[in-house]
Amino acid sequence: MRAHIIDGKALAADLRASIAEAVRALRREHAVVPGIAVVLVGDDPASSVYVRAKSKAVGEAGMKAVDRRLPASTSEAELLALIASLNADPSVNGILVQLPLPRQIDAQKVIAAIDPEKDVDGFHPINVGRLASGLPSLIPCTPMGCVRLARTVHASIAGMDAVVIGRSNIVGKPVAQLLLAENATVTIAHSKTRDLPALCRRADILVAAIGRPEMVRGEWIKPGATVIDVGINRIIDASGKPRIVGDVAYAEAVQCAGAITPVPGGVGPMTIACLLLNTLRATCAQKGLTAPTI
Ligand code: NAD
């Protein structure tokens with residue numbers, strides 16, 4: 001059996017088109033233009049690439065992107081002052097601070113300073129707590145994308161066994177919360193888990209968010225399982241060329257999985273689309289409008 005390839009790029013394009021349509025209606029009917037501030041501190045090359053891609057997508061959706069670039073030497077107090085001014089700015093509906101931050105800045109302090117209603121990354125402790133309590137909240141973008149991709153394969157995942165490898169605050173834990181909210185039976189695996197291959201073989205849905213190139217082998221995958229590969233790993237391949245691979249050995253996994261996300265072209269594009277969706281939802285909430293169901 002060869003797996004169905006979950007085309008994240010195409011699904012993200014559909015989602016972005018629906019969001020752009022909703023943004024046009026918001027502008028037409030309420031004269032509202034969603035605005036998002038994208039804050040980058042320092043010059044980490046990978047972060048610069050992500051920030052550029054996010055700002056471009058925001059513009060294409062008809063939203064307003066406010067780019068704030070700060071030098072790597074920025075102090076914590078200076079960044080907190082910027083966050084306070086963005087919190088107070090009514091034209092800014094979403095605030096995204098690109099991580100990681102330079103060493104002198106406490107990322108948790110910065111995240112906690114963002115107005116939870118503008119926290120389009122869904123990392124603020126209030127949104128984390130609301131998600132864990134089953135209350136409406138802004139949901140982290142990559143985890144939301146993972147579950148939306150899985151839901152393109154399964155109309156319902158209730159009762160399914162889901163294994164999430166990775167327990168980070170930005171991916172593993174919120175993915176697990178979302179799968180639980182969908183009534184899956186969820187196990188979170190991590191670096192101290194015993195016999196990871198055996199655990200993975202029980203999974204109907206396997207989410208890999210590890211950051212280790214091709215660690216999950218084909219033989220770890222239950223035949224027919226849905227595999228969501230979050231990993232983005234830069235490697236030099238056998239021919240000496242740089243390449244991006246996921247956390248799953250794709251060529252092996254595609255032979256036995258029922259469905260699988262490729263890397264690139266799977267979770268990555270959905271992450272950006274979900275950021276736009278969060279910005280739209282945050283804007284509607286701030287303006288007292290009902291967000292469209294997308
Ligand atoms: P992280 O380093 O914060 O967390 C990695 C997790 O993997 C940890 O919880 C750790 O316990 C677990 N782990 C490490 N080694 C393990 C092992 N040998 N066995 C089992 N578990 C192990 O990373 P993260 O921020 O959660 O990101 C994970 C991956 O997802 C990275 O490759 C990152 O680049 C990628 N990522 C992709 C997107 C996207 O949009 N596609 C977004 C965020 C992160």
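Hydrogens, waters and symmetry mates are skipped; everything else that's a heavy atom, side chains included, is used. Every number for a ligand or one of its atoms is a count from 1 in the order of the listing.
Residues forming a side chain to side chain donor-acceptor pair (under 3.5 Å) with Q286 (at least two apart in sequence, or on another chain): N93. Under the rule for a side chain to side chain donor-acceptor pair (under 3.5 Å), the partners of D67 that lie at least two apart in sequence or sit in another chain are S55.
Near ligand 1, T142, I165, G166, R167, S168, I170, V171, H190, S191, L196, A209, I210, G211, R212, M215, V230, G231, I232, N233, V267, G268, T271 each place a heavy atom less than 4.0 angstrom from the ligand.
Other residues, nucleotides and ligands contribute more than 12 heavy atoms inside 6.0 Å of the CG atom of D237.
Screening residues 245-269 for side chain to side chain donor-acceptor pair (under 3.5 Å) gives R217-E252, N233-D247 as the qualifying pairs, with residues at least two apart or on separate chains.
At least one side-chain heavy atom of L15 sits less than 4.5 Å from a side-chain heavy atom of M270.
Between I139 and N278, the shortest heavy-atom contact is O-ND2, 2.8 Å.
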